[in-house]
Amino acid sequence: MSNDTNTPPDDAPIVDINDQIAQRLDNLAAWRGEGTDPYGAIFPDRTLSVDAKALYNEDDPEAEPSVTVAGRIVLFRVMGKAVFAQLRDGAGLIQVYAQKNVLGDELFAAFKRLDFGDIVGVTGGVFKTRTGEITAKVQSYTLLSKALRPLPAKHEGLVDVEQRYRQRYLDLIGNDEAAAVFRKRIDIVREVRSFLEDRGYLEVETPMLQVVAGGAAARPFETYYNALSCPMFMRIAPELYLKRLLVGGFEKVFELNRNFRNEGLDRRHNPEFTMLELYEAYGDCRTMMELVEALITTVAQNVNGSLQVRLNEETTLDFTPPFRRVAYRDLVCERMGNDWYDVSGAERLGRAQALDLEVDAGMSDVAVTHEIYEKVIEHELIQPTFVTRLPRHLVPLAKTCDDDDTLVDVYELEINGLEISPGYSELNDPVEQRKRFQEQIDTADGNPEVSKIIDEDFLTALEHGMPPAGGLGLGIDRLVMLLTAAESIRDVILFPHLRPKK
RNA sequence: GGGACGGUAGCUCAGUCGGUAGAGCAUCUGCCUUUUAAGCAGGGGGUCCCGGGUUCAAGCCCCGGCCGUCCCA
C-alpha cells in the first residue's frame, strides 16, 4: 500500500491515462450503456477484404452484392451525415461507407463514436465511389473490440525502433513493409521444410535442455533442473543428438529450431536464433555443398521469384548456381600474396600489421593467418562463396582431408560477408573424436565458450558405429536477412531480445 | 567493454545565444451524405528519460545513471 499521490488508485482502469484514453473509456462506457458488448463474440461468415472487393462487377455497378467484412479501423473520416472508414484485415484494406439515412439516427450516432483502432464487423453492398475506390456500404455493423489506446500516427506509422521491437504488434499494424518481411520469413521456413521433405529428410526434435552443451563452441545459458537435481544448459546446437540418430539408423535427418548462446547482441546476432541442422548418412562435405546450394537457390526463386536480391545501392546478391568454391589457403594467397605461406613469420606479421590488424610475434602463423581471414577476407566475400579445406583446429567435429591431415574436409558458405552455413564431412572415428575433445579442453585456457565436460554418452554412441556422413547448418535468421535485404537481425525476428525497461 | 549519436504532447518531429515549451497528425467542440494525407473554424493536452550540479534563470551547460541506435572490441 502506498500513500504516494502519483500512484493511480487501485481501481484505475489504465495506469498511464491521458486525454485520448479517457475519451475512449467514455466511449466504452457509452457502448455498455446502450447494452452493446464492446468486446464482441464469434463473428463467422466474414469475407476477406480482397475477396469482398473482387465481388464488385464493372458490368453491373448497380448490383451492390452484399458482403460481411471485419477488421481494424485504420482511417476514420466523419463527414456530417456520412462516415468513410478503412478496415484492415489479414488480407489487406477495404473502405466502408456509413450513411445516416441508411442506419437511422441512433445507429449512425453510435457509428460516429467508433475510434481509430477499433475492430468492427460490417455488412453491406459493394459499390464503387466516384473517386474509383471499391467500398462496402454499411447496412449493419458490430463492434468487435474497443481499442482503449490510439494507434501511432496514420501516415508515418511507428518509427521509433525501440518501440517497434517492444510493441511489434504496432509495427505490424502500421508498417506494411515490416509485416511483409515476417510473412516472407514464414514463406522461407515453409519452403525450406518442403524442399527437405521432398528429398526424404526426416524432421526431428531433440533436447533443448542438455546436461552437456555440446556441438559448438559457445557460452551456454545455464538453468537448474529441480526434479533431477542437476544443472542444465540450454542447447547451443543439436548436433550431438542428431548424430546419435545417425547411429540409430535414421539416415537423413534435420532439425529446424532455436539455439541459445549466452553472448552479445548486435546487428547480426540474437542470443536466441533459429538454425537448420541436417545430417545425411553416406554423404560428405560435397554432398552438403550441393544440397545447400540447391536449397538456397530453390528457396530464393520460390519466395522472391528471382535469384538476385538488391541489398542496397552498391550491392546486388546473385544466387545463380554454382556458387564459387575456393580453398581457404588459395583465398588467403589471393588476398595476401601467393608467397604468403613461404615467407618468414616476420614478413607475415608485417603484412598483417599493414592491414591495421592487432597481431603480435607471440601468435602462431596459423593464428595470424586466421585473424586475417576473419577480420578482412570474410567480410570481402559478398557473392555466395564456399570456403573449403579449413585448418583443423577450427573444427573439432569434422574429418581431416585425405591428402592433408592439418586441414578438415569442410565448407563455410559466406554471403555478404556473413557466415551463413557450415558443412562437414562428419568425424565418425570415436577414438579420434575423444582426442579432439580433449585437445579442445587442453587448449581452452579458461575460455568459457569451451565445455569442460566431455559428452561421454555421445562418444559411447560413436563407439557403436556412426555411418560416414555429411552434415550442415544453415542460419535461418541470416538467410531471411539476405532474402529480404534486412540490415538487422532484429528486423527478421518478431520479438528480438531487449533489455527490460526499468 | 570503448566511442559516436539519440530520448520533448498519443505518434512524427522542431526548439536559435541559457530567458513564458512549439508544429503536423491524433484528440475535443461546431459545420459538412461519394471522401482519399478530406476540408473549414475554435479548444484542450507536457515528469522535456531519471537524479544531482552550475546559474537570478536549464529542454538547452556540467556530472552520474537508465533505455535505444550505429561503429569498434
Side-chain angles (χ1 to χ4, degrees), chain A residues 4-8 14-27 30 53 56 61-62 64 73-88 93-105 107-109 111-118 124-138 147-171 173-175 263-270 356-359 371 374-376 379 417 448 486-491 496-502:
Chain A
D4 186 350
T5 49
N6 290 326
T7 305
I14 283 186
V15 291
D16 54 343
I17 202 154
N18 60 43
D19 60 331
Q20 302 202 40
I21 291 174
Q23 177 62 42
R24 284 161 183 260
L25 287 169
D26 286 349
N27 292 343
K53 286 190 279 192
Y56 176 75
E62 307 298 317
E64 301 198 357
I73 297 171
V74 294
L75 271 178
F76 200 74
R77 289 197 267 271
V78 180
M79 300 177 48
K81 298 184 180 62
V83 176
F84 283 96
Q86 214 158 44
L87 304 189
R88 172 185 293 285
L93 295 168
I94 185 166
Q95 181 169 262
V96 300
Y97 179 50
Q99 299 160 97
K100 188 172 186 174
N101 63 340
V102 172
L103 289 173
D105 291 355
L107 286 178
F108 183 72
F111 193 91
K112 282 210 288 188
R113 195 204 295 132
L114 288 169
D115 287 307
F116 188 42
D118 289 354
V126 177
F127 75 110
K128 189 183 251 183
T129 65
R130 87 166 64 129
T131 50
E133 179 150 358
I134 297 173
T135 301
K137 271 181 193 165
V138 181
L148 298 180
R149 292 178 184 273
L151 291 173
K154 59 185 179 183
H155 307 303
E156 294 89 350
L158 186 60
V159 172
D160 180 67
V161 251
E162 183 176 355
Q163 203 178 347
R164 285 183 49 220
Y165 297 151
R166 290 193 196 273
Q167 294 180 274
R168 181 69 86 184
Y169 46 92
L170 295 178
D171 191 29
I173 292 169
N175 298 325
E263 295 166 354
L265 305 78
D266 64 30
R267 212 152 58 83
R268 301 180 184 82
H269 296 87
N270 195 61
D356 285 334
L357 294 178
E358 284 179 26
V359 289
E371 180 75 6
E374 281 199 318
K375 299 287 154 58
V376 178
H379 300 296
E487 287 182 356
S488 169
I489 197 167
R490 290 179 163 176
D491 292 326
H497 292 165
L498 292 179
R499 196 180 294 273
K501 277 223 150 172
K502 269 194 87 180

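Letters A, B, ... are given to chains in the order of the sequence lines, protein chains preceding strands, and every chain is numbered from 1.
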Whole angstrom is fine here: how far is it from NE2 in A:His155 over to P in B:G10? 19 Å
Mind calculating the distance between CD (A:Gln99) and C1' (B:C32) to the nearest angstrom? 14 Å
Under 4.0 angstrom between A:Arg499 side-chain N/O and B:C66 OP1 or OP2: no
Pi-cation contact, A:Phe108 with A:Lys81 (under 6.0 Å, within 45°): no
Assigned partner base of B:G64, Watson-Crick or wobble definition, under 3.5 Å: B:C50
Can you tell me how far P in B:C61 sits from the matching atom in B:G46, rounded to whole Å? 25 Å
Of the listed nucleotides B:U34, B:C70, B:U27, the one nearest the side chain of A:Phe116: B:U27
Side chain of A:Phe84, heavy atoms from C-beta onward: which of B:U27, B:U33, B:U35 has the nearest atom to it? B:U35
Please determine if A:Arg149 and A:Asp16 form a salt bridge, counting it only when a charged side-chain N lies under 4.0 Å from a carboxylate O. yes
A:Phe111: which residues meet the ring pair (Phe, Tyr, Trp, His ring centres under 6.0 Å) condition with it, sequence neighbours left out? A:Tyr141
Kindly say if A:Gln163 contacts the phosphate of B:C11, meaning a side-chain N or O under 4.0 Å from OP1 or OP2. yes
Whole-Å distance, A:Gln86 CD to B:A37 C1', equals 11 Å
Collect all protein-nucleotide pairs involving nucleotides 22-24 of chain B in which both atoms are nitrogen or oxygen and the distance is under 3.5 Å.
none

Any N/O donor-acceptor pair, A:Asn18 side-chain to B:G45 base, under 3.5 Å: no
Side chain of A:Lys100 (C-beta onward), nearest among B:U27, B:C67, B:U33: B:U33
By the Watson-Crick or G-U definition, both distances under 3.5 Å, B:U55 is matched with none
In terms of side-chain heavy atoms of A:Glu162, which of B:G68, B:A37, B:U27 is nearest? B:G68
Parallel, tilted or perpendicular: which one describes the rings of A:Tyr97 and A:Phe84, with boundaries at 30° and 60°? parallel
Which nucleotide in the list B:C70, B:C32, B:U69 gets nearest to the side chain of A:Val78? B:C32
Given atom CG of A:Asp16 and atom C1' of B:C11, what is their separation to the nearest angstrom? 14 Å
Would one find a side-chain N or O of A:Gln20 under 4.0 angstrom from OP1 or OP2 of B:A26? no
For atom P, what is the distance between B:U16 and B:U55, given to the nearest Å? 23 Å
Roughly how far apart, to the nearest Å, are B:C11 and B:C48 at atom P? 15 Å
Distance between the P atoms of B:G45 and B:G53, in whole angstroms? 30 Å
Whichever of A:Arg490 and A:Pro152 has its nearest RNA chain B nucleotide further upstream toward 5': A:Pro152
N/O (side chain, A:Arg166) to phosphate O (OP1/OP2, B:G68) under 4.0 Å: yes
Below 4.0 Å: OP1/OP2 of B:U34 and any side-chain N or O of A:Lys128: no
Return the nearest nucleotide to the side chain of A:Asp115; candidates are B:C28, B:U69, B:U34. B:C28
Interatomic distance, A:Leu75 CG vs B:U27 P [rounded to whole Å]: 11 Å
Give me the one residue out of A:Ile134, A:Val126, A:Thr135 that meets side-chain contact (heavy atoms from CB on, under 4.5 Å) with A:Lys53. A:Ile134
Looking at B:C32, I'd like to know if its phosphate oxygens (OP1 or OP2) sit under 4.0 Å from a side-chain N or O belonging to A:Lys81. yes
The side chain of A:Lys154 is closest to which nucleotide in this list: B:G68, B:U34, B:C25? B:C25
Pair of N/O donor and acceptor under 3.5 Å linking B:U35 base with A:Gln95 side chain: yes
Protein-nucleotide distance (A:Arg130, atom CZ; B:U35, atom C1'), rounded to Å: 9 Å
B:A23 and B:A9, which share atom name C1', separated by this distance in whole Å: 11 Å
To the nearest angstrom, the CZ-P distance between A:Arg149 and B:G10 comes to 11 Å
Looking only at side-chain atoms of A:Asp160, point me to the closest of B:G44, B:U34, B:U12. B:U12
Considering only B:U69, B:C32, B:U27, which nucleotide approaches the side chain of A:Gln23 most closely? B:U27
Residue A:Glu487 excluded, over 12 heavy atoms near CD under 6.0 Å: no
Taking B:G65 as the reference, what is the distance to B:U47 when you measure between their P atoms (whole Å, please)? 26 Å
Taken to the nearest whole Å, CD1/A:Ile17 to P/B:G46 is 13 Å
Think A:Arg267 has a side-chain N or O under 4.0 angstrom from the OP1 or OP2 of B:U69? no
What integer number of Å spans the P atoms of B:G7 and B:A14? 8 Å
Using heavy atoms to find the nearest nucleotide of RNA chain B for A:Leu151 and A:Asn27 separately, return the residue whose nucleotide is more 5′. A:Leu151
Using atom C1' in both nucleotides, what's the gap between B:G6 and B:C13 to the nearest angstrom? 13 Å
